[in-house]
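Each chain gets a letter, A, B and so on, in the order its sequence line appears, and its residues count up from 1. Just so it is clear, the values below take in all heavy atoms, side chains as well, and ignore hydrogens, waters and symmetry mates. Keep in mind that what you see is a predicted model, and the values were worked out from it rather than measured.
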Amino acid sequence: DTEVTQTPKHLVMGMTNKKSLKCEQHMGHRAMYWYKQKAKKPPELMFVYSYEKLSINESVPSRFSPECPNSSLLNLHLHALQPEDSALYLCASSQLQSEAFFGQGTRLTVV
Amino acid sequence: AQSVAQPEDQVNVAEGNPLTVKCTYSVSGNPYLFWYVQYPNRGLQFLLKYITGDNLVKGSYGFEAEFNKSQTSFHLKKPSALVSDSALYFCAVRDRTGFQKLVFGTGTRLLVSP
């Protein structure tokens, strides 16, 4: 099973809302990632968790708050987002140095 | 810091012809290199990787890539293109020190015409 599952697939939220994106993998991978992708652009790394600890934060604004409750789950908590935060949010997992497997993404629209 | 360049925004090829999508990289030391494909409104699908060993790497759907250390390149190839290969292709790299960062190139749109 090489599946990374992301929910929800689509999300529309107002600028004062709080919402969460969820990601799950059961491949035993010890690294999990959040990427942001704008249309026709490459994925941009946001966060990396390694062994359930935050190891990389690419200077992401604090309105994005990641959480790794256990080795299979990764959340991204959203609060007070701006319209420019509208994008496809991709979760991925990997063994530490190997290829990453991506979920289908959450299409986020901030209104 | 590692980086990847994909010099072509778009590659056009006729069905049945060979295709090449170019990628060059910059890392300190030896790289881990990857190719991914993305269809509209979908996540990224892993195609193939180079970690070590044979410079010619074979992957999914008939794709292959050649690692060239002297030219710091990792071009994606396929002997005979299909219309269904039309998609966005990304090259990506990790370096062996900051391996947790998987960094992507800007992407190349492949358009295969019937």
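Under a hydrophobic-cluster definition in which Ile, Leu, Val, Met, Phe, Trp and Tyr are linked whenever side-chain heavy atoms come within less than 4.5 Å, directly or via other members, A/Leu45 and A/Phe47 are assigned to different clusters. Tracing side-chain contacts under 4.5 Å through hydrophobic residues (I, L, V, M, F, W, Y), one never reaches B/Leu82 starting from B/Leu19; they form parts of separate clusters. Transitive grouping of hydrophobic side chains (ILVMFWY, heavy atoms separated by less than 4.5 Å) keeps B/Leu47 and B/Leu56 in distinct clusters.
For a residue to count as touching a neighbouring chain, one of its non-hydrogen atoms must lie under 4.5 Å from one of that chain's; by this rule A/Ala31 does not touch chain B. In this structure, no portion of B/Gln45 lies under 4.5 Å from any heavy atom of chain A. Only the side chain of A/Gln37 comes within contact range of chain B, with heavy atoms under 4.5 Å apart. For A/Gln6, no part sits under 4.5 Å from any heavy atom of chain B, backbone or side chain.
For A/Glu52, the side chain to side chain donor-acceptor pair (under 3.5 Å) criterion is met by A/Arg30, not counting sequence neighbours.
Between chain B and the options A/Gly103, A/Ala39, A/Ser98, heavy-atom pairs under 4.5 Å are most frequent for A/Ser98.
Smallest separation of non-hydrogen atoms from B/Arg42 and A/Leu88: O-CD2, 4.0 Å. When all heavy atoms of A/Lys41 and B/Phe90 are compared, the closest pair comes out as O-CZ, 3.7 Å. Between B/Gly105 and A/Pro42, the shortest heavy-atom contact is O-CB, 3.0 Å. Looking at every heavy atom in both residues, B/Arg94 comes nearest to A/Gln95 through NH2-O, 4.4 Å.
More than 12 heavy atoms of other residues, nucleotides or ligands lie within 6.0 Å of NZ in A/Lys38, so this atom counts as buried by the packing criterion.
Between atom CZ of residue B/Arg109 and atom NZ of residue A/Lys40 there is a gap of 6.0 Å, rounded to the nearest 0.5 Å. Atoms OG and CZ, on A/Ser94 and B/Phe34 in that order, are 8.0 Å from each other to the nearest 0.5 Å.
Scanning residues 104-111 of chain A against chain B with a 4.5 Å heavy-atom cutoff picks out A/Gln104, A/Arg107, ordered by number.
Two residues are said to be in side-chain contact when any heavy atoms from C-beta on lie closer than 4.5 Å; A/Pro43 and B/Tyr36 fail this criterion.
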